[in-house]
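All remarks here apply to the structure that follows.
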Amino acid sequence: MTGPAAALAATAAAMAASAGASAWAVRGRSSDVFGPSAWRGDTGRKSVALTFDDGPSTSTPQFLDVLAEYRTPATFFQIGMNVLRHPDIARAVTAAGHEIGNHSHTHPNFALKPASVIASDFTLAQAAISDATGVRPALMRAPYGVRWFGFRQMQAALGLKGVMWSVIGLDWKLPAAAIVDRVLSHVRNGGIICLHDGRGTEGNPDVAPALESVRRIIPSLIAAGYHFESVSQLLWPTI
């Protein structure tokens, strides 16, 4: 291929490569382009962290019951609006000894949003969580895993470390058995598992498949020799 055709092909390839790089920067689990972020812990330790996004919801107490049954710690990335709706449930999470992270206030997709919008949304969530629970989160997870310009400044201002995941259960669209298979087949040492105890800012979400999957995932991983830790314990074992 020579001449104009070759030039066109080269341009198309360059554009595709640029688009791919941009997508990785925004949503890549190992990307720290827009701010400090972690997606797994020490692969030399047979430990994992179980995380839940989008709560608190009316179903969160049922997740807490399962976690208590197996004495399993977890990290809950909570939405500020949901904390305002269910402050008692947010407090129950911390009272049970679990870690809470900031998952924004309104759960938007932050791509193309101004830095001021990003800062305002996470600041509102930080205040809602702190006021309800007495705990100021040190971790945050971006809705949909989407980071953008302004995240680095927001994280620095609020003292938040970004957290992605090693395996996500796709529990908003898969049945329990498929969620379990997906998690168990992808989990590795140092893994961060992402499931959901809510569904965005919905008032009464159906998270039954996720709840049932947790009932199966925890004993399966314990039987396989895994040790459960909070995200902070997983990332910084000396804490």
Side-chain angles (χ1 to χ4, degrees), residues 24-56 63-64 67 70-80 90 93-104 110 118 122-123 125-126 129-130 133-148 151-169 171 182-184 186-197 214 217-218 221-222 224-239:
W24 173 82
V26 172
R27 295 200 65 183
R29 63 184 185 179
S30 61
S31 168
D32 59 3
V33 171
F34 294 112
S37 183
W39 63 281
R40 68 180 179 187
D42 183 357
T43 58
R45 299 172 61 238
K46 203 170 180 66
S47 295
V48 295
L50 186 58
T51 70
F52 298 98
D53 288 3
D54 294 5
F63 287 84
L64 295 178
L67 294 170
Y70 292 101
R71 298 182 179 180
T72 299
T75 300
F76 289 78
F77 288 94
Q78 297 188 338
I79 295 173
V93 172
T94 56
H98 302 295
E99 184 172 42
I100 290 184
N102 187 329
H103 196 43
S104 83
F110 284 110
I118 294 169
F122 278 96
T123 298
Q126 196 81 338
I129 294 168
S130 179
T133 68
V135 174
R136 184 175 176 82
L139 304 174
M140 78 88 196
R141 176 174 282 159
Y144 313 106
V146 173
R147 281 93 19 108
W148 196 248
F151 263 73
R152 186 176 299 276
Q153 294 89 335
M154 173 274 293
Q155 290 179 235
L158 297 178
L160 294 170
K161 170 79 171 183
V163 178
M164 290 290 280
W165 52 78
S166 309
V167 54
I168 188 165
D171 46 301
R182 180 178 174 85
V183 171
L184 296 184
H186 288 84
V187 73
R188 300 290 186 274
N189 288 3
I192 298 175
I193 301 165
C194 178
L195 297 170
H196 297 76
D197 63 321
V214 172
I217 288 169
I218 292 176
L221 290 181
I222 291 174
Y226 283 97
H227 175 65
F228 284 92
E229 298 177 340
S230 69
V231 168
S232 289
Q233 292 169 334
L234 188 77
L235 298 180
W236 303 288
T238 57
I239 292 180

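Note that the numbering runs from 1 along the sequence shown for the chain.
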Donor-acceptor pair, [X] side chain versus [Y] backbone, under 3.5 Å?
X	Y	value
Q155	L160	yes
N189	T43	yes
R141	M164	yes
R152	V33	yes
T75	V231	yes
Q78	D53	no
D197	G55	yes

Smallest separation among heavy atoms of [X] and [Y], with atom names:
X	Y	result
V163	S37	N-OG, 4.2 Å
P137	Q126	O-NE2, 2.9 Å
D171	H196	OD2-N, 2.9 Å
P73	E229	CG-CA, 3.9 Å
T133	I129	OG1-O, 2.7 Å
S166	W39	OG-O, 2.7 Å

Apply side chain to side chain contact (heavy atoms under 4.5 Å, CB included) to R147 and S31, showing your working.
CA-CA 9 Å; R147 281 93 19 108; S31 168; 3.9 Å; yes
Are side-chain heavy atoms of [X] and [Y] found at a separation under 4.5 Å?
X	Y	value
I192	L234	yes
E99	V93	no
L195	I217	yes
L67	H98	yes
I100	T94	yes
L139	N102	no

Using 0.5 Å steps for rounding, measure from the [atom1] atom of [X] to the [atom2] atom of [Y].
X	Y	atom1	atom2	result
R71	I218	CZ	CD1	13.5 Å
T51	F77	OG1	CZ	6.0 Å
C194	D54	SG	CG	8.0 Å
Y226	R188	OH	CZ	7.0 Å
I79	H103	CD1	NE2	5.0 Å
I193	L50	CD1	CG	5.5 Å

Please confirm whether the ring centroid of F52 lies under 6.0 Å from the ring centroid of F63. yes
*Ring centres under 6.0 angstrom apart (Y144, F110)*: no
### Message
Evaluate R136 against L158 for side chain to side chain contact (heavy atoms under 4.5 Å, CB included), listing each step before the verdict.
### Response
CA-CA 9 Å; R136 184 175 176 82; L158 297 178; 3.9 Å; yes
| message | The test is side chain to side chain contact (heavy atoms under 4.5 Å, CB included); show your working for L184 and L221 and say whether it passes. | response | CA-CA 8 Å; L184 296 184; L221 290 181; 3.6 Å; yes
Sequence neighbours excluded, the answer for side-chain contact (heavy atoms from CB on, under 4.5 Å) partners of D32 is none
